[in-house]
Amino acid sequence: MHKAEVVICGAGIAGISTAWQLAVKHGMRNVVLVDERPPMTLTSDKSTEAYRNWWPGPDDAMVRLTNRSIDLLEEMAEASDNRFLMNRRGYLYATAEPGTAEAMRAGAVLAEGYGAGPLRVHSGQAGDPDYLPSPAGGWQGRPDGADLILDGALIRETFPFLSPNTVAVLHARRCGWLSGQQLGMLQLEAARVAGVEVVEGRVEWIEASGGRVSSVQIAAAGEVVTVATPRFVVAAGPMLRYVGSMLGLELPVYSELHLKVSIEDHLGVVPRNAPFMIWEDPQRIDWSDEEREALSEIAEMRPLLEEMPAGAHMRVEGGSGSRHILLLWPYHLEPVPEIFPPPVPDFYAEICLRGVATMIPGLGAYLDRLPMPYIDGGYYTKTQENRPLAGPLPIEGAFIHGALSGYGLMASAATAELVALHMTGGTLPDYADAFDPRRHEDPEYVEKIAGWDDGTQL
Ligand SMILES: Cc1cc2nc3c(=O)[nH]c(=O)nc-3n(C[C@H](O)[C@H](O)[C@H](O)COP(=O)(O)OP(=O)(O)OC[C@H]3O[C@@H](n4cnc5c(N)ncnc54)[C@H](O)[C@@H]3O)c2cc1C
């Protein structure tokens, strides 16, 4: 029988970063990483690849976790000559509503208190602080915190492509994007060099009778292999619940469908050095009378005639020479079954384009003739309170690294660190409890999170 110190199920960013932590950082030997697919090909390569330390609440745990994760990402970027092209262009939240501008200010004051960095307000008065635009590449030496710009002249001068109705933008600065694929491959290569064995196969069963993990059955190359191991990590992304059920556990997660659209901005509407752009206002799509009539005849389409949620967003994609942009609008957030390939709602590309064109009206030029869209995506598998599960499960030797929702690329460096510290008995940071899976066994906690809104749709 094969033997391993630990078997990790899933070679997305969760499983790979766990393997990297255990083998490279903690020197653990006989780490086996199992996936029925090639690494990084289910959800982790469908991401928008953005990162932020900007979490308006309801407490400081996510800011502290993502600050730590970004520290680790920056260390990896430094050590690899920025192989995964980390930039720090920031997230730009924009609004046409004075009330939302006030909410942005209140959120930024909270985020500052949580450790996201200082808030600088630009209201067009003498004595305003300087606003420093973000350069397109690199991450070093940039401001953190956020700039709240209420000065219309400064908004129009700096972001002339934004809707003229924009009354405020909040530019969160310790944010940007990177190549998720390269980040995963960098860690996977180092993990392999440190001895991690990557097995292409499907975890079919976990033996945990007697309350402790003892072996894992893997179907690979037409046979079922049993690997004796005292430890098992569930890092199965959208299949968390299914793999958890092999341990007899009902994991507290569900999935939302999230898709993204890539089109060529051949008219050059969006400057290639633009930050990640988010429209903070709910909106009604400006359908024509004929479109309105046609949509009202189909029950599933009628919600498109109502007010749609805030959060249409976009970023430019690709290196020099690319003209592609990514468009997203998560307006369908009900829990769904995880089906592959994920179903694409009718007219998704056009609806995203319309939503983002409210923020960047120049994109409306594509509504008459939509450039050929490429649509992909997957699932945000998440907990009720939208916080990850990183640590031990209530079976000895069983751990989980998952429920990474819409932040797996940005947070996994720090959540993998938590899993590895739990497993090796290291000293945990004091934010670890907020992500410890056992919190869901506490009825008080479950009651507390019932109406919890973490203020993020992305
Ligand atoms: C449209 C979209 C945009 C996103 N944007 C961002 C973003 O901007 N920034 C960010 O940080 N995050 C973003 N995310 C979220 C991020 O992509 C996920 O949080 C992350 O990829 C989850 O990684 P994972 O390893 O948990 O899951 P996955 O990448 O899905 O990996 C799970 C792996 O487990 C394997 N597996 C499952 N069951 C078994 C089994 N029984 N045996 C063997 N293998 C098994 C699967 O084959 C799969 O390869 C986005 C996600 C989507 C869908």
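The model shown is predicted, which means the values in this text are computed figures rather than measured ones. In each ligand, atom 1 is the first atom listed, and ligand 1 is the first ligand listed. Side chains are part of it too, since the values below use all heavy atoms of this structure and drop only hydrogens, waters and symmetry mates.
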Identified salt bridge (Lys or Arg N to Asp or Glu O under 4.0 Å) partner of D59 from the options R64, R387, K448
R387
Pairing of E189 and R83 as salt bridge, 4.0 angstrom limit:
yes
List ligand 1 atoms under 4.0 Å from A236, heavy atoms only on the residue side.
32 (C), 34 (O), 37 (C), 38 (N)
Is H401 close to ligand 1, meaning an N/O of one under 3.5 Å from an N/O of the other?
no
Tell me whether the NZ or CZ atom of R52 lies within the 45° cone about the ring axis of W55 and under 6.0 Å from its centre.
yes
Below 3.5 Å, N or O to N or O, backbone or side chain included: is there any such pair between M239 and ligand 1?
no
Does a side-chain heavy-atom distance below 4.5 Å link H2 with T226?
no
Closest to atom 25 (O) of ligand 1 among protein heavy atoms sits A14 N, 3.0 Å
For ligand 1, which atoms have a heavy atom of L42 less than 4.0 angstrom away?
30 (O), 46 (C), 48 (C), 49 (O)
What's the shortest distance from atom 15 (C) of ligand 1 to any protein heavy atom, and which residue and atom give it?
S405 O, 3.1 Å
Students should be able to answer this: which protein heavy-atom is nearest to atom 2 (C) of ligand 1, and at what distance?
K46 O, 3.7 Å
Are the side chains of W177 and V316 in touch, meaning some heavy atoms are under 4.5 Å apart?
yes
Give yes or no for whether the N/O distance cutoff of 3.5 Å, strictly under, is met between R202 and ligand 1.
no
To check your reading of the model: name the closest protein heavy atom to atom 5 (N) of ligand 1, its residue, and the distance in Å.
T48 N, 3.0 Å
Sub-4.0 Å heavy-atom approach of G201 to ligand 1
yes
Could an N or O of ligand 1 be found under 3.5 Å from any N or O of R37, whether backbone or side chain?
yes
In terms of the angle between their ring planes, are Y380 and H258 parallel, tilted or perpendicular, with boundaries placed at 30° and 60°?
parallel
Quick one: list whatever passes side-chain contact (heavy atoms from CB on, under 4.5 Å) with R192, sequence neighbours left out.
L188, V198
Please tell me if the side chains of R174 and I70 come closer than 4.5 Å, counting only heavy atoms from C-beta onward.
yes
For atom 20 (C) of ligand 1, what is the closest protein heavy atom, and at what distance to 0.1 Å?
S44 OG, 3.8 Å
Which atoms of ligand 1 have any heavy atom of G406 under 4.0 Å away?
6 (C), 7 (C), 9 (N), 10 (C), 11 (O), 12 (N), 13 (C), 14 (N), 15 (C)
Need the ligand 1 atom indices (1-based, order shown) with element for anything under 4.0 Å from a heavy-atom of L404.
19 (O)
Are any of the heavy atoms in Y242 under 4.0 Å away from ligand 1?
no
Please list, in number order, the atoms of ligand 1 under 4.0 Å from a heavy atom of A50.
7 (C), 8 (O), 9 (N), 10 (C), 11 (O)
Contact atoms of ligand 1, heavy-atom distance to G10 under 4.0 Å
33 (C), 34 (O), 35 (C)
Are more than 12 heavy atoms, taken from residues, nucleotides or ligands other than K25, located less than 6.0 Å from that residue's NZ atom?
no
Using a 4.0 Å cut-off to any heavy atom of Y407, which atoms of ligand 1 qualify?
10 (C), 11 (O), 12 (N), 15 (C)
One finds that the ligand 1 atoms under 4.0 Å from a non-hydrogen atom of G378 are 53 (C)
What is the closest protein heavy atom to atom 6 (C) of ligand 1, and at what distance does it sit?
S47 OG, 3.0 Å
Non-hydrogen side-chain atoms of V216 and R231 separated by less than 4.5 Å
no
Between H313 and the options Y331, W279, F276, the ring-ring contact (aromatic ring centres under 6.0 Å, His included) test singles out F276
Determine whether any heavy atom of Y51 lies closer than 4.0 Å to an atom of ligand 1.
no
Between ligand 1 and V203, is the shortest N or O to N or O distance under 3.5 Å?
yes
To the nearest 0.5 Å, how far apart are CD1 in I400 and OG1 in T415?
11.0 Å
Would you say ligand 1 has an N or O under 3.5 Å from any N or O of K260?
no
What are the two closest non-hydrogen atoms of S255 and E338, and how far apart are they?
OG-OE2, 2.6 Å
4.5 Å side-chain heavy-atom contact, P345 and L259:
yes
Pairs of nitrogen or oxygen atoms closer than 3.5 Å, one from E49 and one from ligand 1: do any exist?
yes
For atom 49 (O) of ligand 1, which protein heavy atom lies nearest, and how many Å away is it?
D35 OD2, 2.6 Å
So, applying side-chain contact (heavy atoms from CB on, under 4.5 Å) with L33, which one of L22, I16, V6 is it?
I16
Around atom CZ of F340, are there more than 12 heavy atoms of other residues, nucleotides or ligands at under 6.0 Å?
yes
Tell me whether L409 has any N or O atom under 3.5 angstrom from an N or O of ligand 1.
yes
Could you check whether any heavy atom of A235 sits closer than 4.0 Å to an atom of ligand 1, since that is the contact criterion I want to use?
yes
Under 3.5 Å, N or O to N or O, is H258 touching ligand 1 that way?
no
Applying side-chain contact (heavy atoms from CB on, under 4.5 Å) to N30 and not counting sequence neighbours gives E5
Within-cut-off N or O pair, L259 and ligand 1, under 3.5 Å:
no
What protein heavy atom is closest to atom 30 (O) of ligand 1, reported as residue, atom name and distance in Å?
T43 OG1, 2.6 Å
